[in-house]
Amino acid sequence: MDIESAHRIQAFIERRDHWFAPFSAPPSDWPAPEQLSFGRYLAPLVVRARWSPAAGWSSRQIVPRGDVQVSVASGTVQYGLSVFEGLKAYRAADGSAHLFRPHEHAVRLRTSAARLGLPEVDEDLFIEACRDAVRVHEAFLPPHGRGALYLRPTIAASEEALGYRAAIEHQFSVTVMPCCDPPLKTVMLWAEPELTRASAGGLGAAKTGGNYAAGLLGQMRARERGFDDVAWLDAATHSRLAEAGTMNLFVEVDRTWITPPLDGTILAGVTRDTLITLLREDGLRVEEADLALEELARFERAGRVGGSFGCGTAARLVRISAIRGPRAGVQFRDGGHVLRFSRLLKQAQEGSSDSHDQWRLRV
Ligand SMILES: *Cc1c(COP(=O)(O)O)cnc(C)c1O
C-alpha cells in the first residue's frame with residue numbers, strides 16, 4: 001500500500017464515520033477488472049467485530065487489513081475453529097451497488113458456526129458488516145457487468161490458548177477482494193477413488209477450512225493426472241458423485257438436470273439454489289437425486305446423457321466436459337445450455353433483468 005493510501009485510511013478510521021468514502025478511486029497501479037485474477041488483490045480495509053462470553057459481539061469497526069491478526073496458538077490455527085462465507089456485491093446498470101442473496105449467506109454462516117461450536121453472528125451484524133465493507137470500497141467495485149467485490153465474512157476462534165475446548169474470544173471479519181466477471185471455462189474432472197471430502201456426521205455441510213484441507217491433496221492428484229479438478233465421490237460407497245471440486249454439481253440425464261441431494265455431506269450452495277429456481281422457471285426439469293458414476297457411464301452409452309456444470313459464487317458456472325475415474329468415465333455433450341444458464345445467472349446476480357428483486361439488497 002502506498003503512503004498516500006495509508007494516510008487516507010488512517011484519516012478515515014479516525015473519523016469513525018462509516019458513510020465517508022475513503023477512496024475516490026483505486027490506487028493508480030490497480031489492475032483493470034479483467035486482470036484481477038481470483039485471490040490476488042485484496043482491498044485495503046476489513047470490517048471487524050470481537051466476541052466475548054460476557055459482551056457478545058462488540059460493535060463493528062473498520063480497520064486496515066494488516067491490523068487484523070490471529071495468534072498461531074489460537075483454535076483457528078491449531079484446531080481449524082473457523083467458518084466462512086463467500087458472497088458478492090455487484091454494480092447495477094444505474095451505478096448502484098447491491099449484495100446478492102445476503103440473507104441466505106447469513107443463515108448458512110450461522111449453521112456452519114453452530115456445527116463447529118462457534119458463536120453465531122446474527123443476520124443484522126452480518127448484513128451491516130457486508131454493507132460497510134462494500135461502502136468503504138465502492139471505488140474498487142468494477143463497472144456494471146465487468147466484475148464484483150467478493151466478500152469473505154469469517155468467524156475465527158482468536159483466544160491465545162492451546163487447550164482443546166471452545167474458545168472464549170472470537171473475531172468476525174469481512175475481507176474484500178475485487179474480482180473480474182468470471183469467463184465461462186470448460187473443465188475435465190478426475191473422480192478420486194480413495195480420498196473423500198466429507199462423510200455423514202462430519203463437516204461437509206459446513207463452510208469451513210477443514211473441508212478444504214481434506215480436499216487439497218485430491219485437487220493436486222487430479223492436476224498431476226492432467227485434469228483440471230477433482231470430482232468427489234461419497235465416502236461410504238465411492239460410487240455416487242458429490243461435488244465438483246469446491247462447487248456443486250449438475251448433470252443432465254433424459255433432459256432432466258440432476259444435482260445430488262443435501263444429505264449433510266454436500267455444501268448447500270446459494271448458486272445451486274438460485275440455478276434450481278432459474279432452470280425451473282426456464283421450463284426445465286430439475287431433480288435432487290443420487291448420481292452414480294458407473295450408472296452415468298451406462299446412460300451415456302444409451303445416449304441419455306447431455307451436459308454438466310459445476311457452480312458457486314466465485315466461478316459462477318463452469319462447464320464440465322468429462323468426469324473420469326479408474327473404474328468408469330463419462331463424456332458430456334452440452335448443447336449450448338450451460339452458456340445460457342451462465343447468462344441467466346449473471347443477469348439475476350447483476351440485476352440486468354428485473355426478475356427476483358428480492359435476491360438483491362441495495363448497499
Ligand atoms: C462455497 C461452496 C460451494 C458453493 O456455494 P455458493 O453458495 O454457491 O457459493 C459449493 N461447494 C463447496 C464445498 C463450497 O465450499
Side-chain angles (χ1 to χ4, degrees), residues 38-39 80 82-90 99-113 115-116 126 130 148-155 174-175 177 179 181-182 187 189 192 195-199 202-219 222 229-235 240-251 257 259-279 286 288 291 308-318 320 341-342 344-346 348-350 356 359-361:
F38 193 85
S82 67
V83 292
F84 65 90
E85 272 305 313
L87 71 162
K88 280 180 174 172
Y90 297 92
L99 296 163
F100 188 68
R101 304 195 73 179
H103 301 283
E104 286 77 1
H105 287 281
V107 168
R108 191 171 65 192
L109 186 66
R110 220 160 52 222
T111 313
S112 298
R115 175 63 184 82
L116 274 84
F126 181 91
C130 288
L149 293 180
Y150 177 88
L151 309 185
R152 177 55 69 86
T154 303
I155 305 173
V174 182
T175 302
M177 187 186 75
C179 58
D181 180 44
V187 299
L189 304 182
E192 166 60 47
L195 308 175
T196 54
R197 191 194 82 92
S199 58
L203 296 177
K207 204 162 176 78
T208 184
N211 293 325
Y212 285 69
L216 186 60
L217 187 59
Q219 184 200 70
D229 211 333
V230 54
W232 292 114
L233 301 175
D234 75 287
R240 298 189 299 272
L241 289 167
E243 294 203 52
T246 58
M247 289 180 289
N248 293 118
L249 176 73
F250 284 73
V251 172
W257 288 86
T259 189
L262 302 178
D263 63 356
T265 71
I266 306 279
L267 200 281
V270 176
T271 318
R272 172 187 182 277
D273 183 74
T274 302
L275 282 161
I276 290 175
T277 305
L278 293 176
L279 266 56
V286 184
E288 298 180 69
L291 283 165
S308 174
F309 63 85
C311 65
T313 297
R316 182 175 288 142
L317 226 87
V318 170
I320 300 170
F341 299 162
S342 173
L344 284 174
L345 182 59
K346 180 175 158 80
Q349 290 168 334
E350 294 180 354
H356 298 286
W359 283 346
R360 297 180 294 272
L361 181 72

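Everything quoted here is computed from the prediction, not taken from an experiment. Excluded from the calculations below are hydrogen atoms, water molecules and symmetry mates; all remaining heavy atoms, backbone and side chain alike, are included. For ligands, and for the atoms within them, numbers begin at 1 and follow the listed sequence.
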**Asked** Considering only protein heavy atoms, which is closest to atom 15 (O) of ligand 1, and at what distance to one decimal place?
**Response** Tyr212 OH, 2.5 Å

**Message:** Under 4.0 Å, counting heavy atoms only: does Asn248 come that close to any atom of ligand 1?
**Reply:** yes

**Request:** Measure the distance from atom 8 (O) of ligand 1 to every protein heavy atom, then report the residue, atom name and distance (to 0.1 Å) of the closest one.
**Result:** Thr271 OG1, 2.5 Å

**Request:** Please identify which atoms of ligand 1 are closer than 4.0 Å to at least one heavy atom of Gly269.
**Result:** 5 (O), 6 (P), 7 (O), 8 (O)

**Prompt:** Just by distance, do the side chain of Thr265 and the backbone of Ser199 share a donor-acceptor pair under 3.5 Å?
**Reply:** no

**Request:** Show which atoms of ligand 1 fall inside a sub-4.0 Å distance from at least one heavy-atom site of Arg108.
**Result:** 5 (O), 6 (P), 7 (O)

**Prompt:** Would you say the side-chain atoms of Tyr90 and Gln349 include a donor-acceptor pair closer than 3.5 Å?
**Reply:** yes

**Request:** State plainly whether the residues Glu104 and Lys207 are in salt-bridge range, i.e. N to O under 4.0 Å.
**Result:** no

**Item:** Nearest-contact summary for atom 11 (N) of ligand 1 - protein heavy atom, Å
**Value:** Glu243 OE1, 2.5 Å

**Proximal atoms of ligand 1 relative to Arg197 (non-hydrogen, under 4.0 Å)** = 13 (C)

**Asked** Any N or O of Thr246 that comes nearer than 3.5 Å to an N or O of ligand 1?
**Response** yes

**atom 9 (O) of ligand 1: nearest protein contact (heavy atom, Å)** = Thr313 OG1, 2.6 Å

**Asked** Can you check whether Arg240 reaches Pro260 side chain to side chain, under 4.5 Å on heavy atoms?
**Response** no

**Beyond-backbone contact of Phe100 with His105, side-chain heavy atoms, under 4.5 angstrom** = no

**Request:** Would you mind checking if Arg272 and Glu288 are paired as a salt bridge, meaning a charged N to carboxylate O distance below 4.0 Å?
**Result:** yes

**Message:** Give me the residue, atom name and distance of the protein heavy atom closest to atom 2 (C) of ligand 1.
**Reply:** Lys207 NZ, 2.6 Å

**Request:** Report, in ascending order of atom number, the atoms of ligand 1 lying under 4.0 Å from any heavy atom of Val270.
**Result:** 6 (P), 7 (O), 8 (O)

**Prompt:** Do Phe38 and Tyr150 make the cut of ring centroids closer than 6.0 angstrom?
**Reply:** yes

**Complete:** To the nearest 0.5 Å, atom OG1 of Thr175 lies from atom CZ of Phe84 at 11.5 Å

